[in-house]
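It should be emphasised that the depicted structure is a prediction, and the values quoted were computed from it without experimental measurement. Order of the sequence lines sets the chain letters (A, B, ...), proteins ahead of strands, with each chain counted from 1.
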2 protein chains.
Amino acid sequence: MDPLNGNDWLQTVRFNEQGLVAVIAQDVNTKEVLMMAWMNAQSLEETVRSGQAIYWSRSRGKRWHKGEESGHFQNVKEVRLDCDGDTILLMVEQVGGIACHTGAPNCFFQPLQQKDGVSVWGNQHGENNASS
Amino acid sequence: MDPLNGNDWLQTVRFNEQGLVAVIAQDVNTKEVLMMAWMNAQSLEETVRSGQAIYWSRSRGKRWHKGEESGHFQNVKEVRLDCDGDTILLMVEQVGGIACHTGAPNCFFQPLQQKDGVSVWGNQHGENNASS
C-alpha cells in the first residue's frame with residue numbers, strides 16, 4: 001500500500017533520491033538535541049499514526065522502531081517540517097532518558113576541544129563512564 | 001589544499017558519498033533547533049577556524065557563508081560530533097535572531113496539525129505575518 005495515497009501532508013515532504021527525509025529528534029522537556037536519523041514515507045506515516053518514532057535504518061536497510069530492543073522509545077509530542085520540506089523536527093519524550101545506542105543520553109557527546117593547540121573530539125560519555 | 005592534511009579531527013568525520021556531513025544548528029541560548037544544512041571538509045574546517053558557520057549549499061553547489069547576504073551570521077560556540085561521526089551539532093549565537101531565509105526565527109515553523117480529522121502542515125511564520 002502506498003502511504004502517500006490519501007495523505008496530502010506526506011506529499012508535501014521532499015524525500016531525497018533514496019526516498020528518505022532527515023529527522024532530528026529533540027527532547028521536548030530538556031530541549032537537548034538527541035539524534036539525527038532518517039525516515040521513509042511509510043515510517044513517517046507510521047510515526048504520526050502510532051505516536052512513537054519509527055525510523056528507517058540505512059545501515060540495516062529496514063524499518064527501525066526506536067526502542068524496540070532497548071525499551072528507549074520516543075513518544076512523539078510534535079512533528080515540524082522545515083521551510084523547504086526536506087527535514088523534520090520531532091519533539092519527543094525520551095523514554096529512559098537515553099537516546100543513543102551507546103547508552104548516552106544523546107548522540108552528540110563528542111565536543112571539539114583544544115588540547116596542546118590541536119583540535120580533538122572529546123568524549124563526555126566515555127569520561128562520565130570512566131569516572132563512575 | 002586538502003583540508004584533511006594535518007587535521008586528524010576532520011578525518012574522524014564520516015563524510016557521505018558526496019563528501020558532505022549533516023549539520024544541525026541549535027541556538028545556544030534559547031535551545032531552539034534553527035536549521036539543518038550540510039558542510040564539506042573545507043567548510044567545516046573553515047567554520048572551526050573562523051568561528052562562524054560556513055556551509056556547503058547543495059542547491060547552488062558552492063560554499064555558503066551563512067549571513068553573507070542577510071547579515072544573519074551564526075557565531076559558533078561549540079561543535080559536537082555524534083556517536084557514529086556522520087552528524088554535527090553546532091551550538092550557535094544567531095545574529096539578528098533569524099536563521100531562516102524566509103525571515104522566520106528558525107526553519108521549523110510548520111507543525112503537523114489536525115484539521116477536520118485530516119493532518120495538515122501549519123505555518124506559524126505565515127500566520128504570524130498575516131496577523132501583524
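Note that OG1 of A/Thr47 is 11.0 Å distant from CG of B/Leu112, once rounded to the nearest 0.5 Å. Note that CG of B/Asp82 is 12.0 Å distant from CG of A/Leu34, once rounded to the nearest 0.5 Å. Rounding to the nearest 0.5 Å gives a distance of 9.0 Å between OG of A/Ser119 and CD of B/Glu45.
No chain of hydrophobic side-chain contacts below 4.5 Å, direct or via other Ile, Leu, Val, Met, Phe, Trp or Tyr residues, connects A/Leu81 to A/Val28. Following chains of ILVMFWY side-chain contacts shorter than 4.5 Å, one cannot reach B/Ile54 starting from B/Leu20, and the two form parts of different hydrophobic clusters. No single ILVMFWY cluster, assembled from side-chain heavy atoms under 4.5 Å apart, contains both A/Val33 and B/Met35. Grouping the Ile, Leu, Val, Met, Phe, Trp and Tyr side chains by contacts below 4.5 angstrom, directly or via other members, places B/Leu10 apart from B/Trp38. In this structure, A/Met36 is a member of the same hydrophobic cluster as B/Met91, with clusters built from ILVMFWY side-chain heavy atoms closer than 4.5 Å.
Heavy atoms of A/Val48 lying under 4.5 Å from chain B belong exclusively to its side chain. Both the backbone and the side chain of B/Leu89 come within less than 4.5 Å of a heavy atom of chain A. Proximity to chain B (any heavy atom under 4.5 Å) is restricted, for A/Asp86, to the side chain, taken from C-beta onward.
Counting only distance, with no hydrogens or angles, the side chain of A/Arg80 and the backbone of B/Pro111 share no donor-acceptor pair below 3.5 Å. In this structure, B/Trp121 contributes its side chain and A/Trp9 its backbone to a donor-acceptor pair below 3.5 Å. Judged by distance alone, with hydrogens and angles left aside, the side-chain atoms of B/Glu32 form no donor-acceptor pair with the main-chain N or O of A/Lys31 at under 3.5 Å. A distance-only check finds no donor-acceptor pair linking the side chain of A/Gln110 to the backbone of B/Val79 [under 3.5 Å].
Residue A/Glu69 qualifies as open at atom CD: its count of foreign heavy atoms under 6.0 Å is 12 or below.
In terms of heavy-atom pairs under 4.5 Å with chain B, the best-connected choice from A/Asp84, A/Val118, A/Val120, A/Ile24 is A/Ile24.
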Test log, rule side chain to side chain contact (heavy atoms under 4.5 Å, CB included), inputs A/Thr87 and B/Phe108: CA-CA 8 Å; A/Thr87 309; B/Phe108 299 94; 3.9 Å; yes

